[in-house]
Amino acid sequence: LLASSAASDVYKRQIIYIALGACLVFMPVSTVNVICKFVFGILLILVGLYHILIYVAEKLNSTIFDLFSGGVLMVLGIFLFMNPKIVVKLLPILLGTFILVDSIWSLKGSLKLKKRGADSWKFLLLGSIIFIALGISLVVNPFTMVKYTVIFAGWIFLCNGVIDMIYLILLRKGLKEIKQLSLIHI
């Protein structure tokens with residue numbers, strides 16, 4: 001049950017990657033504005049309000065630091081909500097880092113498949129190395145025009161989501177084959 005729940009979570013994550021990638025490719029400006037304003041701006045505003053409320057309600061051993069950090073986070077959130085262009089400049093680096101981490105996870109999975117004797121590990125290794133390179137390229141050398149960087153990142157997310165879906169299917173198939181082979185040899 002735990003394994004199927006984890007697999008379900010991974011499939012959901014890949015669907016989110018594919019949807020995010022499609023949004024970044026086909027609606028780069030709108031998607032970036034939503035990400036910057038609502039995700040970063042509103043989230044920081046809410047966290048700031050939470051810290052201020054902790055201080056006002058005198059809960060959880062609150063200190064003046066809660067009031068101060070709450071005020072700073074709230075002002076920062078309002079600033080980012082009103083000026084999302086600042087986050088837009090950092091977005092390629094954030095997206096590249098995210099792709100890089102996910103691709104390293106896929107690389108680790110392909111090596112696990114190799115260790116277990118599955119044939120599909122080479123395909124997955126190649127795919128993860130390609131996406132590691134693409135993630136590094138976004139972090140190290142973002143394009144001068146952010147719109148093109150966002151579209152490029154969108155394509156990477158879209159393809160990475162599809163490749164990870166294929167990876168999961170091959171992983172399941174490979175594990176079933178290994179299990180069947182071990183049952184035959186018993």
Side-chain angles (χ1 to χ4, degrees), residues 1-36 38-40 43 87-186:
L1 181 66
L2 184 63
S4 69
S5 174
S8 174
D9 289 345
V10 173
Y11 281 118
K12 289 175 189 171
R13 185 178 74 218
Q14 299 319 315
I15 290 169
I16 291 170
Y17 285 2
I18 292 168
L20 176 63
C23 288
L24 289 172
V25 168
F26 299 112
M27 302 178 301
V29 176
S30 302
T31 304
V32 166
N33 282 332
V34 167
I35 289 171
C36 294
F38 294 102
V39 173
F40 293 111
L43 185 66
V87 178
V88 169
K89 291 179 182 179
L90 294 174
L91 201 56
I93 295 168
L94 296 172
L95 291 173
T97 303
F98 195 75
I99 290 165
L100 187 60
V101 168
D102 185 66
S103 299
I104 291 170
W105 176 80
S106 295
L107 176 77
K108 182 179 174 186
S110 70
L111 295 175
K112 281 183 181 181
L113 281 177
K114 178 185 178 190
K115 205 182 273 185
R116 292 187 174 146
D119 293 333
S120 57
W121 74 272
K122 293 174 189 171
F123 169 74
L124 298 171
L125 178 69
L126 178 64
S128 62
I129 290 172
I130 289 170
F131 284 104
I132 287 171
L134 291 171
I136 289 171
S137 73
L138 272 177
V139 171
V140 174
N141 189 20
F143 301 114
T144 53
M145 288 208 44
V146 173
K147 180 179 177 181
Y148 296 122
T149 304
V150 170
I151 292 171
F152 180 65
W155 278 113
I156 294 173
F157 264 101
L158 189 64
C159 295
N160 193 15
V162 171
I163 294 293
D164 280 353
M165 284 285 220
I166 293 169
Y167 160 75
L168 289 171
I169 292 166
L170 291 174
L171 179 64
R172 278 190 148 174
K173 182 182 174 200
L175 292 175
K176 283 180 185 177
E177 289 173 5
I178 292 167
K179 188 176 181 180
Q180 288 174 350
L181 286 173
S182 66
L183 290 175
I184 292 172
H185 292 298
I186 292 180

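Remember, predicted model here, so these are calculated numbers, not experimental data.
- Contact record, Phe157 with Gly21: CB-CA, 3.7 Å, taken as the closest heavy-atom pair.
- Atoms CD1 and CD1, on Ile163 and Ile166 in that order, are 4.5 Å from each other to the nearest 0.5 Å.
- The two residues Ala153 and Ile99 make their nearest non-hydrogen contact at O-CD1, 4.3 Å.
- A distance of 6.0 Å separates CG of Leu124 from OG of Ser110, quoted to the nearest 0.5 Å.
- Asp102 pairs with exactly one of Ile132, Leu107, Ile156, Asp164 by the side chain to side chain contact (heavy atoms under 4.5 Å, CB included) rule, that one being Asp164.
- Distance OG/Ser103 to CZ/Phe98: 10.5 Å, rounded to 0.5 Å.
- For the pair Ile151 and Leu24, the minimum side-chain heavy-atom distance is 4.5 Å or more.
- Residues Leu134 and Trp155 are not in side-chain contact: their nearest non-hydrogen atoms beyond the backbone lie 4.5 Å or more apart.
- Separation of atoms CH2 (Trp105) and CG (Leu100) is listed at 15.0 Å; rounding is to 0.5 Å.
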